[in-house]
Each structure stands twice: as structure tokens, then as C-alpha cells.
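Taking it in order: structure first as C-alpha cells, then the write-up.
Please read these numbers as outputs of a predicted model, since none were measured by experiment. Nothing fancy with the numbering, it's 1 onward along the sequence. Atoms within a ligand are numbered from 1 in the order they appear, just like the ligands themselves.
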Amino acid sequence: MDFNEAQKLLEKEGQAHLLTYYDELSDEEKEKLIEQISRIDFSVVLEIPKDGCENERGVIEPLGALTIEEIDKGREEYERIGIEAIKAGRVGALLLAGGQGTRLGYDKPKGMFNIGEKKELYIFECIINNIMQITERAGAWIPLAIMTSDINYDDTVSFFKEHNYFGYNSDYVYFFVQDMSVTTDFNGKIYLARKDKVSFSPNGNGGWYTSFVNAGIRDAFVKHGVEWINVFAVDNVLQKIADPCFVGATIASGCVSGAKVVSKAFPEEKIGLLCTEDGRPSIVEYYEMTDDMMYQKDESGKPLFNYGVILNYLFRIDELDRIIDEPLPVHVVEKKIPYVGEGGITIKPDKPNGYKYEKLVLDLIHLMRDCLSYEVVRNKEFAPVKNLTGVDSVESARKLLAENGIEY
Ligand code: UTP
């Protein structure tokens with residue numbers, strides 16, 4: 001793309017202001033800015049909510065789960081199937097680590113955060129320790145892909161190298177970068193982060209499969225024999241990865257995907273609920289929950305909509321290949337976005353001043369033919385680190401580490 005093409009495109013899209021400072025830039029800066037403009041996906045801006053509500057929903061119904069008691073009864077057989085699959089190289093893992101972790105207020109990748117008190121214990125280290133419990137048990141390495149954003153790629157890769165991959169076999173680790181999306185003001189005007197830089201932010205964790213395929217890692221995984229991918233979040237320090245029982249139960253169920261869930265702690269808990277929508281699996285986010293979904297009970301007195309997801313999913317690769325071209329909804333999120341203001345100076349706002357646009361992995365579940373809802377014990381598997389203190393925080397995660405006998 002050259003300057004004239006960029007100018008024409010921006011005029012058509014109503015974003016011509018992105019070239020306001022073009023004449024002041026050096027040749028190198030000009031080139032970079034045009035290259036960034038050529039990468040913009042203008043269609044996301046059409047998603048700005050007109051009346052405050054997001055997507056239209058179909059008919060939502062509760063979905064039960066394979067309960068903890070049922071899992072315990074079948075554990076031996078599920079684990080046997082799971083371990084066999086891992087040994088045969090049929091299971092890969094994918095760590096979503098492209099988020100910005102704004103709530104934690106830590107300016108490095110969240111995985112580099114040291115959650116230790118008496119000793120160093122980085123979040124990435126917790127994750128590697130957890131997956132190594134399984135590789136040791138199975139006697140086989142599990143291919144592990146790590147998705148970062150443009151912003152945190154270098155830091156993440158150097159950190160793993162500096163720490164010698166915390167003992168993991170680096171031949172089985174694959175880093176890749178997720179796509180980015182523009183940020184805009186509330187009227188859909190794309191922000192400049194600097195005079196020579198369009199404001200991009202990570203486009204959510206939902207686009208991981210496309211980025212994973214485009215980076216050539218799907219093919220590398222398939223070469224290892226991988227058929228199933230366990231996708232999980234960076235910020236749960238008790239995350240069980242490639243859990244043989246979960247893998248085995250999902251394979252045995254005949255479903256093409258699985259989701260770990262926990263029983264709701266209280267009716268209003270802010271957790272995405274695994275349900276069905278028009279007969280297919282679907283996740284309803286906490287802000288979409290109706291009173292009925294919060295308070296209705298089943299005949300045994302348990303909440304009717306009871307099972308919340310913890311961002312630990314299992315997907316069969318052939319099913320992901322089938323749906324790869326299906327569009328995912330774009331979620332519009334209010335955010336504080338640094339931008340170039342009057343006189344070309346970058347301003348850091350202290351309250352939300354625009355939107356970022358995200359696709360979410362939870363929406364992939366709705367594209368799956370079916371999904372095994374698999375219940376886990378909350379205090380053994382769910383210690384999210386979103387904030388420094390309070391709910392889902394460093395504080396609460398430390399308590400859970402102690403409860404599970406993990407030194408920190
Ligand atoms: P969160 O939804 O908690 O977002 O991510 P975040 O950006 O890390 O944190 P906040 O909201 O700014 O405080 C859930 C998981 O999805 C990953 C995160 O790294 C985390 O593992 N993620 C999120 C991505 O990989 N890419 C993204 O664009 C967003």
C-alpha cells in the first residue's frame with residue numbers, strides 16, 4: 001500500500017484523521033504508519049453498540065455436567081484413556097497469554113508476575129510445574145503453544161529462555177503472536193497512539209485458532225500426532241493442564257469439545273455459564289444473566305443454571321478446522337486508551353475514553369457440535385489472578401496455593 005492508496009481507503013472509511021501528522025514524520029515513520037494502516041480491519045468498528053445491548057440470543061436452556069461424583073466413579077478408566085492419548089502424542093496444550101492484565105496493574109506479561117512470598121514463584125512457572133506433573137506421569141512431552149500479543153512477545157520469549165523453560169523441553173514449546181485490533185473513541189474514530197502509530201490492542205483470546213494456523217503451529221502439532229488441544233488461561237495458578245481424567249472423559253463421551261466447569265458459589269456470581277442455545281452448547285456471560293438464570297432451582301434444590309466455566313477447554317482439531325471460517329461475534333469493551341490529542345501530544349486518560357474490540361474463546365464453544373461439561377473441585381483447580389487484592393486476586397490465589405500444599 002502507498003500513501004495515495006492509504007489516503008483513499010481512509011477517506012472511504014471515515015478515518016482520514018490518521019494521516020494528520022504524516023507530513024511531520026521521517027521516511028521510516030511514514031512507511032511504518034502506512035504499513036499499519038494496511039493491516040486495519042475496519043469492519044470491527046461496525047460493532048459499536050447502538051442501544052447498549054450486545055448479541056441477539058437464541059433459546060437458552062440449562063446444561064448439566066458430568067459431576068464430580070460421576071467422574072470419581074469413572075476416574076480409573078478416564079485416566080487410563082487420557083494417559084494413553086497423551087503418551088501417543090495426541091494431546092497438545094495452548095496457553096493464552098496475550099492479555100494486557102490491566103486489572104492487575106502489572107506492566108509486564110502476567111505470566112512474569114512473581115506470586116511467591118518466601119521464594120520466587122512466577123505464574124508461568126506455576127503453569128509449567130502443573131503440566132510437568134502430567135508429562136512425568138505419562139513419560140511423554142506435551143507440545144505446548146504459547147500465544148502472546150505483539151506487545152508482550154519479546155518479554156515472554158526472553159523470560160522463558162532466561163529461566164530455561166522452567167525445566168520444560170524447549171523442542172516442544174511454540175510461541176506465536178495473536179492478531180491485534182484497532183481501538184477507537186466512542187464514535188468509532190480510530191485512535192493514534194503516537195503521531196506515527198495507530199492504536200492497536202490485542203483482539204481477544206477468541207482468534208487463537210486462526211493465528212495458530214497462520215503461524216504454522218497447527219501443522220507442527222499435527223506432525224506430533226496431536227488431535228486434541230487443551231486451551232487454558234495464563235492467570236489460574238491451579239490450572240490443571242492436559243488433565244488425563246478430563247481428556248479421557250471427553251474422549252469417552254464422544255463429544256468434540258469439553259469445558260471444565262465449577263458449581264456456582266452463589267446465585268449472582270460473575271462467571272460465564274455453560275448452557276445450551278438453540279440446542280447447541282453456549283456460554284452466557286454474567287452480565288447477560290437474567291434473574292431466572294440466577295435464581296431458578298431444579299427439583300433437587302440446586303441452581304438450574306449451575307455450571308460456570310473456568311477458561312479450560314478441550315477442542316478436537318478436526319472440529320476446529322471445520323469451523324475456522326465461521327465468524328465470531330465481536331465484543332466491544334470500554335477502556336482507557338492513550339491517544340494523540342491536541343498539538344500531537346499523547347494523553348493518558350484517567351477514565352474510559354473509547355472501545356477495544358475482542359473475540360472470545362468462549363464463543364468458539366457455540367460453534368462446536370457438542371461439549372462435555374466436566375465439573376471440577378473449585379478450590380483444587382481455580383485460583384484466578386485478576387486483581388492485586390480482593391476477589392480473584394494475588395491474595396486469594398496465595399491462600400489457595402497454601403490450601404493445596406504448594407510452597408510460595
Ligand atoms: P482476561 O479476560 O482476564 O483479560 O484474559 P486480560 O487482558 O488478561 O486482563 P484484564 O482484563 O486486562 O485485566 C483471560 C485470558 O485470555 C488471555 C489472557 O492472557 C488470559 O490468559 N487473552 C486475553 C489473550 O490471550 N489475548 C487477549 O487479547 C485477551
Atoms in ligand 1 with a heavy atom of [X] nearer than 4.0 Å:
| X | answer |
| --- | --- |
| Leu311 | 14 (C), 15 (C) |
| Gln178 | 24 (C), 25 (O), 26 (N), 27 (C), 28 (O) |
| Met147 | 25 (O) |
| Lys386 | 1 (P), 3 (O), 14 (C) |

To which protein heavy atom is [atom] closest, and what is the distance rounded to 0.1 Å?
| atom | answer |
| --- | --- |
| atom 21 (O) of ligand 1 | Leu96 O, 2.6 Å |
| atom 12 (O) of ligand 1 | Thr102 OG1, 2.4 Å |
| atom 16 (O) of ligand 1 | Asn205 ND2, 3.0 Å |
| atom 7 (O) of ligand 1 | Gln100 N, 2.9 Å |
| atom 28 (O) of ligand 1 | Gly204 N, 2.8 Å |
| atom 6 (P) of ligand 1 | Gly101 N, 3.6 Å |
| atom 23 (C) of ligand 1 | Gly99 CA, 3.5 Å |

What about [X]: any of its N or O atoms under 3.5 Å from an N or O on ligand 1?
| X | value |
| --- | --- |
| Gly98 | yes |
| Arg103 | yes |
| Lys356 | no |

Going by distance alone, is a donor N or O of one side chain under 3.5 Å from an acceptor N or O of the other, for [X] and [Y]?
| X | Y | answer |
| --- | --- | --- |
| Ser181 | Glu358 | no |
| Tyr286 | Glu268 | no |
| Thr135 | Tyr168 | no |
| Ser201 | Thr183 | no |

Legend entry - Quiz item: cation-pi between Lys264 and Phe305, 6.0 Å / 45°: no
Inset, instruction - Indicate yes or no for a side-chain donor-acceptor contact from Asp243 to the backbone of Cys245 under 3.5 Å, with no hydrogens or angles considered. - result: yes
Inset, instruction - Check for a donor-acceptor pair, side chain of Asn230 on one end and backbone N or O of Ala242 on the other, with a separation under 3.5 Å. - result: yes
Legend entry - Candidate pair Glu319 and Arg322, rule salt bridge (charged side-chain N to carboxylate O under 4.0 Å, His left out), full reasoning: CA-CA 5 Å; Glu319 183 72 356; Arg322 184 183 71 75; 2.8 Å; yes
Legend entry - Lys356 atom NZ: more than 12 heavy-atom contacts under 6.0 Å: yes
Legend entry - Sole residue of Thr156, Asn152, Asp235 in side-chain hydrogen bond (donor to acceptor under 3.5 Å, both in side chains) with Lys110: Asp235
Legend entry - Residue portion contacting ligand 1 (non-hydrogen atoms closer than 4.0 Å) for Leu95: neither
Inset, instruction - Specify side chain, backbone, both or neither for Ala97, according to which of its non-hydrogen atoms lie closer than 4.0 Å to ligand 1. - result: backbone
